[in-house]
Amino acid sequence: GQNIDQPTEMTATEGAIVQINCTYQTSGFNGLFWYQQHAGEAPTFLSYNVLDGLEEKGRFSSFLSRSKGYSYLLLKELQMKDSASYLCAVRISNDYKLSFGAGTTVTVRA
Amino acid sequence: GAVVSQHPSRVICKSGTSVKIECRSLDFQATTMFWYRQFPKQSLMLMATSNEGSKATYEQGVEKDKFLINHASLTLSTLTVTSAHPEDSSFYICSAPRLAGSHTDTQYFGPGTRLTVL
């Protein structure tokens, strides 16, 4: 089976930085996604890492180490609207099948 | 704007009835689409892979006779929940990969369909 682990909850203050870690042990690996999901809505795409290293997109950055089976999503300059669930998902095959972690609920406080 | 749409967004039905959910890719063709189910406070669980022109492939534990999938065209996949029961109440989400070269591939999700079976 697929094993993708991420913390259940995290809380941070507006303007701060939060790092969400994701470790994975999967039958295959063709890239790792991070999605943001607000309650009652579908996930929205944040980042996709297939090579080792850091990908930066504005306030969001994602890092991947394939040898360690590890990724993190870094959220900078937190805003209240960043309060959401963040899903780590591994593309385990060439047909784009994704296996999701349980999600990390981030709460941003004023 | 949205690149994958779903219809309906919300449906309430009586136990024993069938419900059809449509998933459309709006400005690209998708030979493959995926159907997920999400229960409250849980992550997305892949139910099946919808393949244009061929049978869907189902994940272990998902009843193919209960969740009928038809990928009628390169932009449309439908999921029919047959003889729905209260335990089928969930958030159903489809997704479609948009392939643009391995480094820029991404997968777009539809807005989801909230199914409530009374």
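Letters A, B, ... mirror the listed sequences (proteins, then strands); counts begin at 1. Keep in mind that the numbers below use all heavy atoms, side chains included, and drop hydrogens, waters and symmetry copies.
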Below 4.5 Å, heavy-atom pairs only: which of B:Q42, B:E59, B:Q6 has the largest tally toward chain A? B:E59

Would you say A:M10 has more than 12 foreign heavy atoms packed within less than 6.0 Å of its CE? yes

Contacting moiety of B:Q38, where chain A heavy atoms sit under 4.5 Å: side chain

Which bit of B:L44 comes within less than 4.5 Å of chain A, counting heavy atoms only: side chain, backbone, both or neither? both

Indicate whether any N or O donor in one side chain lies under 3.5 Å from an N or O acceptor in the other, for A:N21 and A:Y70. yes

Sub-6.0 Å ring centroid separation between B:F109 and A:Y35: yes

Most heavy-atom pairs under 4.5 Å with chain B, out of A:G31, A:G101, A:G103, belong to A:G101

Check: B:S25 and B:V3 side chains under 4.5 Å, non-hydrogen atoms: no

